[in-house]
Amino acid sequence: PDKMAMSADLQWLIIRNNSSYLLKGNRQTFSTEPNNLKAKNCFRYNGLVNRKTVGVEPAKDGKGVVMITKNSKGYRKPNKTYTRVELKKGARRTMASIRTLIRNKRYRKDLKM
């Protein structure tokens with residue numbers, strides 16, 4: 001790791017109340033940042049500060065979704081930071097493959113879908 005890099009906890013303390021992605025409402029705060037699965041403004045789901053993140057967005061052709069994972073080692077090479085996989089199997093099989101990645105392959109066991 002780089003000596004000048006900040007920890008994820010310190011980054012979270014800086015951006016949790018001051019971020020351009022925040023949407024504050026009636027006693028709830030949401031976030032619109034990329035790779036935030038549940039759009040909650042909390043450390044667990046934050047897509048900016050965690051080393052490993054999972055994101056889902058619609059495919060360009062309108063059929064299926066694209067699952068985006070962040071490589072924990074490639075943070076110095078922005079071109080290789082994210083891995084994109086298109087899933088066009090249907091709703092149930094798509095959710096099952098995302099769950100398999102998160103839980104069974106132990107990518108991020110703390111995320112629950």
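- In terms of heavy-atom proximity, Arg44 sits nearest to Arg108 at O-NH2, 2.7 Å.
- Criterion: ILVMFWY side-chain heavy atoms under 4.5 Å apart, direct or through other members. Under it, Tyr107 and Tyr45 are part of a common hydrophobic cluster.
- Between Lys60 and Glu86 no salt bridge is recorded (no basic side-chain N to carboxylate O distance below 4.0 Å).
- Residue Leu22 is found outside any hydrophobic cluster, as its side-chain heavy atoms come under 4.5 Å of no other Ile, Leu, Val, Met, Phe, Trp or Tyr.
- Counting only heavy atoms from C-beta outward, the side chains of Val65 and Pro58 never approach each other to under 4.5 Å.
- Scanning all heavy atoms of the two residues, the minimum distance from Arg16 to Asn41 falls at O-ND2, 3.1 Å.
- The two atoms that bring Asn46 and Glu33 nearest to each other are CA-OE2, 3.1 Å, heavy atoms only.
- Connection of Val54 to Val66 is not established within any shared hydrophobic cluster, with ILVMFWY side chains joined at heavy-atom distances below 4.5 Å, either directly or through further cluster members.
- Using a 4.5 Å cut-off on side-chain heavy atoms (C-beta onward), Tyr21 and Ile15 make no contact.
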| request: Report the C-alpha distance between Leu87 and Ser97 in whole Å, list the side-chain angles of each, state the deciding distance to 0.1 Å, and finish with yes or no for side-chain contact (heavy atoms from CB on, under 4.5 Å). | output: CA-CA 9 Å; Leu87 302 172; Ser97 46; 3.9 Å; yes

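- Two different hydrophobic clusters hold Val85 and Ile68 under the rule that ILVMFWY side chains link at heavy-atom gaps under 4.5 Å.
- At least one side-chain heavy atom of Thr81 sits less than 4.5 Å from a side-chain heavy atom of Lys70.
- Leu101 and Val56 end up in the same hydrophobic cluster when Ile, Leu, Val, Met, Phe, Trp and Tyr side chains are linked at under 4.5 Å.
- Looking at every heavy atom in both residues, Asn35 comes nearest to Gly55 through OD1-CA, 3.4 Å.
- Counted by atom type alone, Thr83 and Asn71 present one or more donor-acceptor pairs between their side chains at under 3.5 Å.
- Taking the side chain as every heavy atom from C-beta outward, Ile102 and Leu37 approach each other to under 4.5 Å.
- Asp61 pairs by the side chain to side chain donor-acceptor pair (under 3.5 Å) definition with Lys88, not counting sequence neighbours.
- Two different hydrophobic clusters hold Leu13 and Met6 under the rule that ILVMFWY side chains link at heavy-atom gaps under 4.5 Å.
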- Starting from the C-alpha separation in whole Å, work towards a yes-or-no answer on side-chain contact (heavy atoms from CB on, under 4.5 Å) for Phe43 and Asp9. CA-CA 8 Å; Phe43 179 74; Asp9 295 320; 3.6 Å; yes

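- Residues Trp12 and Ser7 are not in side-chain contact: their nearest non-hydrogen atoms beyond the backbone lie 4.5 Å or more apart.
- Ala8 and Val49 get closest at one heavy-atom pair: CB-O, 3.4 Å.
- Closest approach of Thr94 to Lys89, counting heavy atoms only: OG1-N, 3.9 Å.
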